[in-house]
J.: 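Take a look at this one; I'll ask things after.
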Amino acid sequence: MENLKYLKRIPLFYGLADEQLLEISSVLLERSYHKGRFIFMEGEPGEAIYILKSGLIKLTKRLEDGREHILHFVNAGEIFAEVVLFDGGTYPATSEVQEDSVVGVLRNQDIERLISKNPVMAVEMLRIMSRRLRTAQEKVMNLALHDTTRRLAFALIKMAEDHGIKKSKGIFINMSLTNQELANLTGSSRETVNRMLNGFKRSGAIDVERQQIVVLDKAKLEDLLR
């Protein structure tokens, strides 16, 4: 019953009847991962899609020069690695556990069978893919057209929207990120990110508490994008 309540909160399964959700629950595998573990590596055969039940997952891609580029941080309730369902190829990225996580696993053969029987799931999967594509396009535009300061401001705004917790002081980005990870996210260097964060702090746009960034004035970050 607890698994049924959980599945009802997943956008992919909105609109499905309890009998359909029970069928999904019967083939949904559950795995637990400690921080620092890898769920799959870039280039490995894509055999399943994943649903994050709790925790935080980082998706990264290795660049030609050996550097790591962060593609996305997966929140609880999100589906990831869904691309392998359609092309049957390898995983295009690496998934690293940022916080102890519980993950639901749906093997390709099972999800394909479920989608063929439930058109509602097929439509929702297309919506998920469309949103992911739009996010990827925004990121490409951000990297291509903006300087480093604007890229970092854009990244902080997005993280505040996706991972933020509103408190009296401001919006706490509920993630512990190193300056190197912010550099990997924005295509810059750790030293550059450190310098820019200090500048944002001096301007009153952000603060940092115990490795957690607090957005004090979102409007000041948005002004940098104009």
J.: In the single-linkage hydrophobic clustering (I, L, V, M, F, W, Y; side-chain heavy atoms under 4.5 Å), do L29 and L106 co-cluster?
T.: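 Yes: a chain of side-chain contacts under 4.5 Å links L29 to L106.
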J.: Is there a side-chain contact between T60 and L71, using heavy atoms and a 4.5 Å cut-off?
T.: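 Result no, sub-4.5 Å side-chain heavy-atom pair not found.
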J.: Would you call F80 and I39 a side-chain contact if the rule is heavy atoms closer than 4.5 Å?
T.: yes
J.: Measuring from atom OG of S188 to atom CZ of R195, what distance do you get when rounded to the nearest 0.5 angstrom?
T.: 9.5 Å
J.: Provide the full list of side chain to side chain donor-acceptor pair (under 3.5 Å) pairs with a residue in residues 28-39, sequence neighbours left out, each pair given once.
T.: E30-K53
J.: How would you list, by chain and number, every residue that makes a side-chain contact (heavy atoms from CB on, under 4.5 Å) with D18, sequence neighbours excluded?
T.: L4, K8, L21
J.: First locate atom CG of L221, then atom CZ of R150, and finally report the distance between them rounded to the nearest 0.5 Å.
T.: 13.5 Å
J.: First locate atom CZ of R113, then atom CD1 of I111, and finally report the distance between them rounded to the nearest 0.5 Å.
T.: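 It is 9.5 Å, given to the nearest 0.5 Å.
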J.: Yes or no on side-chain contact (heavy atoms from CB on, under 4.5 Å) for F200 and L224, after CA distance, side-chain angles and deciding distance?
T.: CA-CA 10 Å; F200 290 173; L224 294 171; 3.5 Å; yes
J.: Could I get the full list of side-chain contact (heavy atoms from CB on, under 4.5 Å) partners for E47, not counting sequence neighbours?
T.: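 Only P45 meet the side-chain contact (heavy atoms from CB on, under 4.5 Å) criterion with E47.
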J.: Can you confirm whether R190 is buried at CZ, in the sense that more than 12 heavy atoms of other residues, nucleotides or ligands lie under 6.0 Å from that atom?
T.: no
J.: Can you tell me how far CD of Q20 sits from CG of L7, rounded to the nearest 0.5 angstrom?
T.: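 One gets 12.0 Å once the value is rounded to the nearest 0.5 Å.
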J.: Keeping R151 on the side-chain end and T186 on the backbone end, is there a donor-acceptor pair under 3.5 Å?
T.: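 Yes: the side chain of R151 pairs with the backbone of T186.
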J.: Below 4.0 angstrom, N of the basic side chain to O of the carboxylate: do K169 and E209 qualify?
T.: yes
J.: How long is the gap from CD1 on I213 to NZ on K201, to the nearest 0.5 Å?
T.: 10.0 Å
J.: Using a 4.5 Å cut-off on heavy atoms from C-beta on, say whether the side chain of I165 contacts that of I171.
T.: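 When only atoms from C-beta onward are counted, I165 and I171 do not touch, as no gap falls below 4.5 Å.
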J.: Could you check whether E42 pairs with R62 (Lys NZ or Arg NE/NH1/NH2 to Asp/Glu carboxylate O, under 4.0 Å)?
T.: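 So E42 does not pair with R62 through a salt bridge.
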J.: Relative to F73, does K58 satisfy both conditions: NZ or CZ under 6.0 angstrom from the six-membered ring centre, and within 45 degrees of the ring's axis?
T.: no
